[in-house]
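One-based numbering along the sequence shown.
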Amino acid sequence: MGIIEKIKEIEAEMARTQKNKATEYHLGQLKAKIAKLRTQLLEPPKGSSGAGDGFEVTKYGHGRVALIGFPSVGKSTLLTMLTGTHSEAASYEFTTLTCIPGIIHYNDTKIQLLDLPGIIEGASEGKGRGRQVIAVSKSSDLVLMVLDASKSEGHRQILTKELEAVGLRLNKRPPQIYFKKKKTGGISFNSTVPLTHVDEKLCYQILHEYKIHNAEVLFREDATVDDLIDVIEGNRKYIKCVYVYNKIDVVGIDDVDRLARQPNSIVISCNLKLNLDRVLARMWDEMGLVRVYTKPQGQQPDFTDPVVLSSDRGGCTVEDFCNHIHRSLVKDVKYVLVWGTSARHYPQHCGLGHVLQDEDVVQIVKKKEREDGGRGRFKSHSNAPARISDREKKAPLKT
C-alpha cells in the first residue's frame with residue numbers, strides 16, 4: 001500500500017469516528033499519523049539524484065509575491081497588468097505551464113511577482129505539477145490567491161486545504177508552544193494557561209507516535225492538537241495570504257459587496273482594470289516593507305535609493321540596517337542619529353536595538369580611531385629604539 005492510499009484510509013477512519021470525549025485520544029493519534037505520512041510524501045524518493053524538475057526562480061528585489069489559483073481565473077492577466085511582463089493568456093485552461101516572473105516598481109522598491117501554473121484538487125499529492133507550484137509559493141513573502149468571483153465559494157476551501165496539506169499555514173502565527181527534545185529524563189509537560197483541547201495523556205500519545213520519549217513541552221496558550229503536531233514536525237511555513245476575487249464585472253453588486261467585506265479579501269476586474277491600485281496598496285501593507293534613507297555627515301539625505309528592510313527578512317532594527325550595508329559596520333558604530341516617525345525628537349541618538357519605521361532617515365556616527373599611547377606631551381613612550389645599539393649614530397662633527 002502506497003503513502004497516498006494510507007493517508008486516504010486514515011482520513012476515512014477519521015470521518016467515520018464520532019467526535020467526543022472518549023475518542024479524542026484516538027483522533028489525535030490518527031492526526032499525528034497523517035502528518036508523518038504527508039511529511040514522507042514531500043521528501044524526495046530514495047535513490048534520486050536530488051535535482052528535481054521544478055521551476056524555481058532566482059530571488060530578486062525586496063520581496064516576493066506568488067499568484068496561486070485554479071486554471072483560467074486571471075493570474076496571467078493580473079501579472080501583465082501589474083508588471084508589464086507578457087504572460088500568455090487564452091480561453092483554455094493550463095495556458096501557463098511554467099513559472100513566469102515579473103517586477104513591480106512601487107514606492108521606490110522592487111517586488112517580484114510570480115505567475116504560477118494553475119493547481120487543481122489533489123495538488124498536494126502531486127497532481128498537475130502541484131508540488132512544484134506549492135514549493136515555489138513556500139519561498140515567497142506573500143501569497144495572492146486569485147479566485148473567480150462567479151464560481152462557488154468552495155474553491156477557496158479546496159486551495160486552502162491543499163496548501164495546508166503540505167505545511168503552509170495561511171494568515172496564522174506560530175503557536176506559543178515550547179518543545180525541545182532531550183536525551184534522558186522522560187517527558188516534562190507544563191502549561192501557563194488552562195488547556196481545553198490538549199491534556200497530558202494526549203500529548204504523551206502523540207509524542208510516542210513520533211517515537212519521542214524524552215522531551216520538554218510547555219504550552220503558553222490554549223493550543224489545539226494540530227498546533228502541537230505542527231511544532232513537533234518543525235517544517236511549517238506561516239505566510240500571509242490575500243484572497244483576490246477577479247471577474248467582478250460578471251456578478252451582481254450584492255455579491256461584490258459580500259465578497260469585499262470578507263476578511264483578507266479584495267475584489268478586482270482585470271478586464272475593466274478596476275481596483276488594481278488597491279491591490280498594490282494591500283500588498284505593500286501586508287508585506288510590511290520599511291524604507292530607510294541614509295544621510296552622510298554634513299550632507300543632505302539621499303532619497304533616491306533607500307535601504308529596504310522587513311521583519312520577515314532579517315528584521316527592522318538599526319543593527320539589521322548596518323548589516324544590510326556591510327557586515328563589519330556594526331562593530332565600528334558609536335551611535336546613530338534618527339529622523340522620522342520612530343524618533344521621539346529630531347535627531348534622536350539611538351543604539352543598535354532601536355526599531356526603525358518606514359521612511360526614517362539614519363546617520364551613522366563611527367568610532368574614532370585612537371592613537372596608541374596618547375598624543376603630544378602625554379605620550380607614554382617615545383618613538384626611539386628600545387636598545388642603544390639600534391640607535392642611528394650621528395655623523396662626527398667637522399673640525
Worksheet entry | Proximity of F189 and Y204 rings by center, below 6.0 Å |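 So the answer is no for these two rings.
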Fill in: Criterion side chain to side chain contact (heavy atoms under 4.5 Å, CB included) on I104 and M283, from CA distance to verdict
CA-CA 11 Å; I104 301 173; M283 283 169 48; 3.7 Å; yes
Discussion item. Taking I266 as the starting point, is it possible to reach I248 by hopping between hydrophobic residues whose side chains are less than 4.5 Å apart?
Written reply: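 Result: yes, single cluster for both.
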Worksheet item: Mind checking whether T192 and F219 have side chains closer than 4.5 Å, heavy atoms only?
Response: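 T192 vs F219: side chains apart.
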Worksheet entry | For the student: nearest non-hydrogen atoms of D360 and Q357, plus distance |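 In this case the closest contact between D360 and Q357 is OD2-N, 3.0 Å.
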Worksheet item: Judged by modelled atom types alone, do H26 and E13 share a side-chain donor-acceptor pair under 3.5 Å?
Response: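 Distance-only check passes for H26 and E13.
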Worksheet item: Are V361 and Y335 in one and the same hydrophobic cluster, where Ile, Leu, Val, Met, Phe, Trp and Tyr link if side-chain heavy atoms are under 4.5 Å apart?
Response: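 Looking at the clustering, Y335 is in the same group as V361.
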Worksheet item: Between H62 (side chain) and K110 (backbone), is there a donor-acceptor pair under 3.5 Å?
Response: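 Yes, H62 side chain to K110 backbone: donor-acceptor pair under 3.5 Å.
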Worksheet item: Would a hydrophobic clustering, with Ile, Leu, Val, Met, Phe, Trp and Tyr connected at side-chain separations under 4.5 Å, put L207 with V231?
Response: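 Both belong to a single hydrophobic cluster.
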Discussion item. Here's a test for you: under side chain to side chain donor-acceptor pair (under 3.5 Å), which of D227, D230, D226, T160 qualifies with R169?
Written reply: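 Considering D227, D230, D226, T160, a side chain to side chain donor-acceptor pair (under 3.5 Å) with R169 is found only for D230.
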Worksheet item: Taking H345 for the side chain and P347 for the main chain, is one N or O donor matched with an acceptor at less than 3.5 Å?
Response: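 Checked: pair present.
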Worksheet item: Checking D222 side chain against T196 main chain: does a donor-acceptor pair fall under 3.5 Å?
Response: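 Such a contact is found between D222 side chain and T196 backbone.
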Worksheet item: With the threshold set at 4.0 Å, does a side-chain nitrogen-carboxylate oxygen contact exist between K247 and D148?
Response: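 The answer is yes: the pair qualifies as a salt bridge.
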Worksheet item: How many angstroms lie between atom CG of D312 and atom NZ of K240, to the nearest 0.5 angstrom?
Response: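 Taking CG in D312 and NZ in K240, the distance rounds to 6.0 Å.
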Discussion item. Please determine whether side chain to side chain contact (heavy atoms under 4.5 Å, CB included) holds for the pair K334 and K366, giving the CA-CA distance in whole Å, both sets of side-chain angles, and the decisive distance to 0.1 Å.
Written reply: CA-CA 5 Å; K334 185 177 182 182; K366 298 172 71 175; 6.0 Å; no
Worksheet item: Is the shortest heavy-atom distance from the side chain of M145 to the side chain of L163 under 4.5 Å?
Response: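 Contact flag for M145/L163 side chains = yes.
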Worksheet item: How close do A223 and I177 get, heavy atom to heavy atom, and via which atoms?
Response: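 Distance-wise, the nearest heavy atoms are CB-CD1, 3.6 Å.
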Discussion item. Can you confirm whether K237 is buried at NZ, in the sense that more than 12 heavy atoms of other residues, nucleotides or ligands lie under 6.0 Å from that atom?
Written reply: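 Yes - once you tally the heavy atoms of other residues, nucleotides and ligands closer than 6.0 Å, there are more than 12.
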Worksheet item: Same cluster or not: are L276 and V256 linked, directly or through other Ile, Leu, Val, Met, Phe, Trp or Tyr residues, by side-chain heavy atoms under 4.5 angstrom apart?
Response: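 Yes: a chain of side-chain contacts under 4.5 Å links L276 to V256.
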Worksheet item: So, H354 versus S342: side-chain donor-acceptor pair below 3.5 Å or not?
Response: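 Result is yes, a qualifying pair exists.
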Fill in: Stacked cation flag K151 on F70, 6.0 angstrom / 45 deg
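So K151 doesn't make the cation-pi contact.
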Worksheet entry | Atom pair OG1/CZ of T294 and F303 - distance to nearest 0.5 Å |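 If I round to the nearest 0.5 Å, the distance is 9.5 Å.
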Worksheet entry | Stepwise side chain to side chain contact (heavy atoms under 4.5 Å, CB included) test for L329 and N323 | CA-CA 7 Å; L329 184 60; N323 287 330; over 6 Å; no
Worksheet item: Below 4.5 Å, heavy atoms only, C-beta onward: do D320 and T317 meet side chain to side chain?
Response: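 Yes - at least one pair of side-chain heavy atoms lies under 4.5 Å apart.
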Fill in: Minimum heavy-atom distance S76-D115, with the two atoms named
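For S76 versus D115, the nearest heavy atoms are OG-OD2, 2.8 Å.
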Discussion item. Could you go through I7 and I10, starting from their C-alpha distance and side-chain angles, then the distance that decides it, and tell me whether this counts as side chain to side chain contact (heavy atoms under 4.5 Å, CB included)?
Written reply: CA-CA 5 Å; I7 291 175; I10 296 174; over 6 Å; no
Worksheet item: Going through the checks in order, is the salt bridge (charged side-chain N to carboxylate O under 4.0 Å, His left out) test met by K172 and E164?
Response: CA-CA 11 Å; K172 292 181 181 178; E164 288 197 344; 3.4 Å; yes
Item to complete: Indicate yes or no: at least one non-hydrogen side-chain atom of N190 is less than 4.5 angstrom from one of V217.
Response: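 Side chain of N190 against side chain of V217, heavy atoms only: no contact under 4.5 Å found.
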Worksheet item: If you draw a 6.0 Å radius around NZ in K295, do more than 12 non-hydrogen atoms from other residues or ligands fall strictly inside?
Response: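 Check passes, neighbour count above 12.
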Discussion item. I'd like to check I239 versus L168 (side-chain heavy atoms, cut-off strictly below 4.5 Å). Are they in contact?
Written reply: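 Answer yes - side chains close enough.
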Fill in: Minimum heavy-atom distance between G351 and V336, given as atom pair plus value
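Answer, listing the atom of G351 first, then V336: O-CG2, 4.3 Å.
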Worksheet item: Do N246 and L147 touch side chain to side chain, with heavy atoms closer than 4.5 Å?
Response: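 Not in contact.
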Practice prompt. Check G69 against L159 and note the closest heavy-atom contact, atom names and distance.
Written response: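 That closest heavy-atom pairing would be CA-CD1, 4.0 Å.
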Discussion item. Are there over 12 heavy-atom neighbours, none belonging to Q18, within less than 6.0 Å of that residue's CD?
Written reply: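 No.
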Worksheet item: Any ion pair linking D358 and R291 (charged N to carboxylate O, less than 4.0 Å)?
Response: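 Judged by the 4.0 Å cut-off on N to carboxylate O distance, R291 and D358 do form a salt bridge.
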Item to complete: Measure across H197 and V225 and return the closest heavy-atom pair with its distance rounded to 0.1 Å.
Response: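 For H197 and V225, the tightest heavy-atom pair comes out as O-CG2, 4.2 Å.
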Fill in: N107 (side chain) donor-acceptor with T109 (main chain) under 3.5 angstrom
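Side chain of N107 to backbone of T109: no pair is present.
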Discussion item. Within the 4.5 Å heavy-atom criterion, are V65 and D141 side-chain neighbours or not?
Written reply: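 Heavy-atom side-chain distance check fails, nothing below 4.5 Å.
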Worksheet item: Quick one: SG on C241 to CG on L144, what's the gap to the nearest 0.5 Å?
Response: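 Nearest 0.5 Å value for the SG-CG distance: 7.5 Å.
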Discussion item. Atom NZ of residue position K182 - does it have more than 12 heavy atoms of other residues, nucleotides or ligands inside 6.0 Å?
Written reply: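 Yes, because the 6.0 Å sphere around NZ of K182 holds more than 12 heavy atoms from other groups.
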Worksheet item: Quick one: CD on Q29 to CG on L27, what's the gap to the nearest 0.5 Å?
Response: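 Q29 CD to L27 CG: 10.0 Å, rounded to 0.5 Å.
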Fill in: Side chains of Y245 and N275, donor plus acceptor under 3.5 Å
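Absent: no donor and acceptor within the cut-off.
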Fill in: Hphob cluster co-occupancy, W284 + V242, side-chain heavy atoms under 4.5 angstrom
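Shared cluster, yes.
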Worksheet entry | T23 side-chain N/O to N20 backbone N/O, donor-acceptor pair under 3.5 Å |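 At least one qualifying donor-acceptor pair exists.
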Discussion item. Checking N214 against T184 for the side-chain hydrogen bond (donor to acceptor under 3.5 Å, both in side chains) test, could you report, in this order, the C-alpha distance in whole Å, the side-chain angles of both residues, the deciding distance, and whether it holds?
Written reply: CA-CA 6 Å; N214 300 289; T184 58; over 6 Å; no
Discussion item. Test your reading of the model: is there a side-chain donor-acceptor pair from E209 to the backbone of Q205, 3.5 Å cut-off?
Written reply: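 Looks like no, no N/O pair under 3.5 Å.
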Fill in: Separation of R64 CZ from M287 CE (nearest 0.5 Å)
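Taking CE in M287 and CZ in R64, the distance rounds to 10.5 Å.
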Fill in: Cation-aromatic face contact R173/Y238, 6.0 Å, 45 degrees
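Pair R173/Y238 does not count as cation-pi.
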Worksheet item: Would a 4.5 Å heavy-atom cut-off, applied to side chains only, mark P101 and L113 as touching?
Response: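 SC-SC contact between P101 and L113 ruled out.
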Practice prompt. Measure the OG-CZ distance between S265 and R258 for me, rounded to the nearest 0.5 Å.
Written response: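 Reported to 0.5 Å precision, the distance equals 10.0 Å.
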